[in-house]
Amino acid sequence: QVQLVESGGGLVQAGGSLRLSCVASGSIFSIDAMGWYSQAPGKQRELVAVITSGGSTNYADSVKGRFTISRDNAKNTVYLQMNSLKPEDTAVYSCNALIKRPGHIYASHYWGKGTLVTVSS
């Protein structure tokens, strides 16, 4: 079993900051890419940012310069520092990780349940 648990969401005013965390636990051999996705009400889920095990990052154009993704491999944790938040950033933010379990040949994607970020104007 593998679990991803997010934390750090909440209500913040426009221009404010939040830091999201996602911890992976359970039967884990290795973790490749980890990422954050957002889903606003009535919209499809979309990629916010992703980071590889080597530290390479990629961001959605809408968050470049405002959000920073990072990870602590020793803690199986990925972070999303969100600065200069805008009302349009309001969404449920979910963590995704590509994880290889012991005894398995291939890695699989795992998802957390998400954490709500609400940005008021």
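Counting from 1, the numbers follow the sequence of the chain as shown.
The stretch residues 26-36 participates, sequence neighbours left out, in no side-chain hydrogen bond (donor to acceptor under 3.5 Å, both in side chains) pair at all. Applying the salt bridge (Lys or Arg N to Asp or Glu O under 4.0 Å) rule to pairs touching residues 81-91 yields Arg66-Asp89, sequence neighbours excluded. Pairs passing the disulfide bond (SG atoms under 2.5 Å apart) check and including a residue from residues 48-77, sequence neighbours excluded, do not occur. For the disulfide bond (SG atoms under 2.5 Å apart) condition, the pairs that include at least one residue of residues 92-121, sequence neighbours left out, are Cys22-Cys95. Annotation: side-chain hydrogen bond (donor to acceptor under 3.5 Å, both in side chains) contacts involving residues 1-23, sequence neighbours excluded, comprise Ser17-Asn83.
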Before giving the answer on side-chain contact (heavy atoms from CB on, under 4.5 Å), spell out for Asp72 and Tyr79 the whole-Å C-alpha distance, their side-chain angles and the decisive distance to 0.1 Å. CA-CA 8 Å; Asp72 185 333; Tyr79 306 97; 4.1 Å; yes
Between Ile31 and Asn76, does a side-chain contact (heavy atoms from CB on, under 4.5 Å) hold up when you go through it step by step? CA-CA 8 Å; Ile31 303 178; Asn76 290 342; 3.6 Å; yes
One pair to check against side-chain contact (heavy atoms from CB on, under 4.5 Å): Lys100 and Phe29. What are the steps and the verdict? CA-CA 5 Å; Lys100 187 175 181 181; Phe29 178 76; 4.2 Å; yes
Report the C-alpha distance between Leu4 and Ile99 in whole Å, list the side-chain angles of each, state the deciding distance to 0.1 Å, and finish with yes or no for side-chain contact (heavy atoms from CB on, under 4.5 Å). CA-CA 11 Å; Leu4 272 65; Ile99 295 174; 4.0 Å; yes
List, one per line, each side-chain donor-acceptor pair under 3.5 Å for residues 110-121, sequence neighbours excluded.
from	atom 1	to	atom 2	distance (Å)
Thr115	OG1	Gly9	N	3.2

Only distances under 3.5 Å count here; give the side-chain donor-acceptor pairs of residues 44-54 to other protein atoms, sequence neighbours excluded, each with its distance to 0.1 Å.
from	atom 1	to	atom 2	distance (Å)
Thr52	OG1	Gly54	N	3.3
Thr52	OG1	Gly55	N	3.3
Thr52	OG1	Ser56	N	3.1

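When the side chain to side chain donor-acceptor pair (under 3.5 Å) test is applied to His109, the partners found at least two apart in sequence or on another chain are Asn96. Lys64 pairs by the side-chain contact (heavy atoms from CB on, under 4.5 Å) definition with Tyr59, Asp61, not counting sequence neighbours. When the side chain to side chain donor-acceptor pair (under 3.5 Å) test is applied to Asn73, the partners found at least two apart in sequence or on another chain are Arg71.
Hydrophobic clustering (side-chain heavy atoms under 4.5 Å, transitive across Ile, Leu, Val, Met, Phe, Trp, Tyr) groups Val12 together with Tyr93. In terms of hydrophobic clustering, with Ile, Leu, Val, Met, Phe, Trp and Tyr side chains grouped at heavy-atom distances under 4.5 Å, Val63 and Val78 are assigned to a common cluster. Hydrophobic clustering, with ILVMFWY side chains joined whenever heavy atoms are under 4.5 angstrom apart, groups Val2 together with Met34. Cluster membership check: Phe67 shares its hydrophobic cluster with Leu20, using side-chain heavy-atom separations under 4.5 Å among Ile, Leu, Val, Met, Phe, Trp and Tyr.
Summarising the hydrophobic clusters (Ile, Leu, Val, Met, Phe, Trp, Tyr; side-chain heavy atoms under 4.5 Å, direct or chained), the residues clustered with Ile105 are Tyr106. Other members of a hydrophobic cluster containing Val5 are absent, since no ILVMFWY side chain comes under 4.5 Å of it, directly or through relayed contacts.
Considering CD of Gln81 and CG of Leu18, their distance stands at 8.5 Å, rounded to 0.5 Å.
The backbone N or O of Lys75 lies less than 3.5 Å from a partner atom in the side chain of Thr77, making a donor-acceptor pair.
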